[in-house]
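Data block below; observations after.
In what follows, every chain begins at residue 1, and chains take the letters A, B, ... in the order their sequences are listed.
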Protein chains: 2
Amino acid sequence: MNATPLVQSFVSHFGEMGSRWGINRTVGQIYALLFVSEKPLNADEIAERLSFSRSNVSMGLKELESWRLVKLQHYPGDRREYFSTPDDVWAIFKTLAEERKKREVEPTLTMLRGAMMETAGSEADRHAQARMKEMYQLIELVTTWFSDIQHMDVETLQRLMKLGSQVQKVLQFTQSLSKLTGRDTERE
Amino acid sequence: MNATPLVQSFVSHFGEMGSRWGINRTVGQIYALLFVSEKPLNADEIAERLSFSRSNVSMGLKELESWRLVKLQHYPGDRREYFSTPDDVWAIFKTLAEERKKREVEPTLTMLRGAMMETAGSEADRHAQARMKEMYQLIELVTTWFSDIQHMDVETLQRLMKLGSQVQKVLQFTQSLSKLTGRDTERE
DNA sequence: CTCAATTTTCAGGAATTTCTGAAACTTTGA
DNA sequence: TCAAAGTTTCAGAAATTCCTGAAAATTGAG
């Protein structure tokens, strides 16, 4: 690899990390390279900089496209495809969260929903089903909340996050307000 | 495997999913089995039910222990160790989030911190460093918020989550209040 | 301390995943 | 329509990860 030590360490870190969760080393490194790159790169440039085979890069890029993590563009008079990552890190974060939800959470929710429909044939089954229900409700609450939050604009989100656990006080305050007015601020 | 179809499908789903993110099939299945089990199981029982070798189960349990996801207990007059998962799904969720943070996020933050200390030797480096800083700030904000939230009690947390994006309105309200009083509710 | 019960370690075979080069395919400009 | 430039596919080699059985280590009752 012919990059500065700075970029070098960033790229290899993403390689290692990549394999710690779902994606592989190649994909992690390609992403990292694109993320810090000043200008979009074409597949050959990526292959050369990371010393991967051209075909490996092609597969990696396809994988990144399926995660919606890379942008594709063309330059006039050049037939090659140039890749880059979106500039806005918040947008990247949201995309990542959405995709992980789709790949890791949704299938589990579907399975759990199915299991909860089954008729329990034994005491053990009844217990298992109750446990699955607890898991289902937790996951559903958390993911619904997540997607609620994702639809907020970045400024509000940042404000909320900076507020941190102080939101508790705000909540207590509105709670006592709603007791006064008789209106409930909670949904459902 | 000698389980009911209900437990069967739950366990195999966790096996598949397990390999989709960091942990392997064995570990996923052991966890799933313990999660729905009425009573704690010892290593031999687990090995038998899942048709894994005894040693594989031993390694899987060790892995789960390192994630703090299993409880260990003994019965009088029985030298074997019995394993189970905590009852409270919220507690499980928190543990999982903490461990993932420790394993997946902290190392990245450390690397980024290091990279940001380096002196950029070129225009490309300067750009890379700026990008890393954006990433660093986002991750730090999100994880700090997460741990803030984790320290809230479950009731408050649930209330907050059920509120969903309506929290936006509460926020706008307090914002206008603070304009009136001149006090700022945000930290930092 | 001894011995049997239980758990852990670990070398190497099995299974899976990753990566490559060659070939097939696609696109576009002439 | 053709040829050249570029991209994707895919079979199998290479690397990695997983899993097992055998042996070693640990534990605790007597």
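Computed from coordinates, the Leu50(B) CG to dC19(D) P distance equals 11 Å when rounded to whole Å. Going from atom CZ of Arg79(B) over to atom C1' of dA25(D) covers 13 Å, rounded to whole Å. Ile46(A) places its CD1 atom 15 Å from the P atom of dG6(D), with the value rounded to the nearest Å. For Asp44(A) and dT8(D), the CG to C1' distance is 13 Å, given to the nearest whole Å. Rounded to whole Å, atom C1' of dA14(D) lies 15 Å from atom CG of Asn24(A). Protein atom CG of Asn56(A) is 14 Å distant from nucleotide atom C1' of dT7(D), rounded to whole Å. One can place CZ of Arg20(A) at 15 Å from C1' of dT17(D), the figure rounded to the nearest angstrom.
For Arg126(B), the salt bridge (Lys or Arg N to Asp or Glu O under 4.0 Å) partners at least two apart in sequence or on another chain are Glu123(B). For Glu65(A), the salt bridge (Lys or Arg N to Asp or Glu O under 4.0 Å) criterion is met by no residue, not counting sequence neighbours.
Between Ser55(B) and dA22(D) there is no side-chain N or O to OP1 or OP2 distance below 4.0 Å.
Of the residues in residues 58-71 of chain B, none lies under 4.0 Å from DNA chain D by heavy-atom distance.
When the local axes at the two ends of the helix from dC1(C)-dG30(D) to dA30(C)-dT1(D) are compared, using 5 base pairs at each end, they differ in direction by 30° after rounding to 10°.
Checked for salt-bridge contact, Lys102(A) and Glu99(A) meet the test: a charged N lies under 4.0 Å from a carboxylate O.
Lys94(A) places a side-chain N or O within donor-acceptor distance of the main-chain N or O of Gln150(A), the cut-off being under 3.5 Å.
Side-chain contact between Pro107(A) and His13(B) is present, with heavy atoms from C-beta onward closer than 4.5 Å. In this structure the side chain of Met59(B) never reaches within 4.5 angstrom of the side chain of Val27(B), judged on heavy atoms.
In summary, contact between chain A and DNA chain C, defined as any nucleotide atom under 4.0 Å from a heavy atom of the protein, begins and ends at dT18(C) to dT28(C) in the 5' to 3' direction.
Ring-plane geometry between Tyr82(B) and Tyr75(B) is classed as perpendicular, the angle between the planes exceeding 60 degrees on a 0 to 90 degree scale with a lower cut at 30. A perpendicular orientation is assigned to the rings of Phe93(B) and Trp90(B), their planes being inclined by more than 60° (bins at 30° and 60°).
Cluster partners of Met17(A), using a side-chain heavy-atom cutoff of under 4.5 Å among ILVMFWY residues and allowing indirect links: none.
Between the side chains of Ser53(A) and Asn56(A), no donor-acceptor pair is found at a separation under 3.5 Å. The closest side-chain donor-acceptor pair between Thr95(B) and Arg100(B), if any, does not fall under 3.5 angstrom.
Counting any heavy atom pair closer than 4.0 Å across all strands shown, Arg54(A) reaches a base atom.
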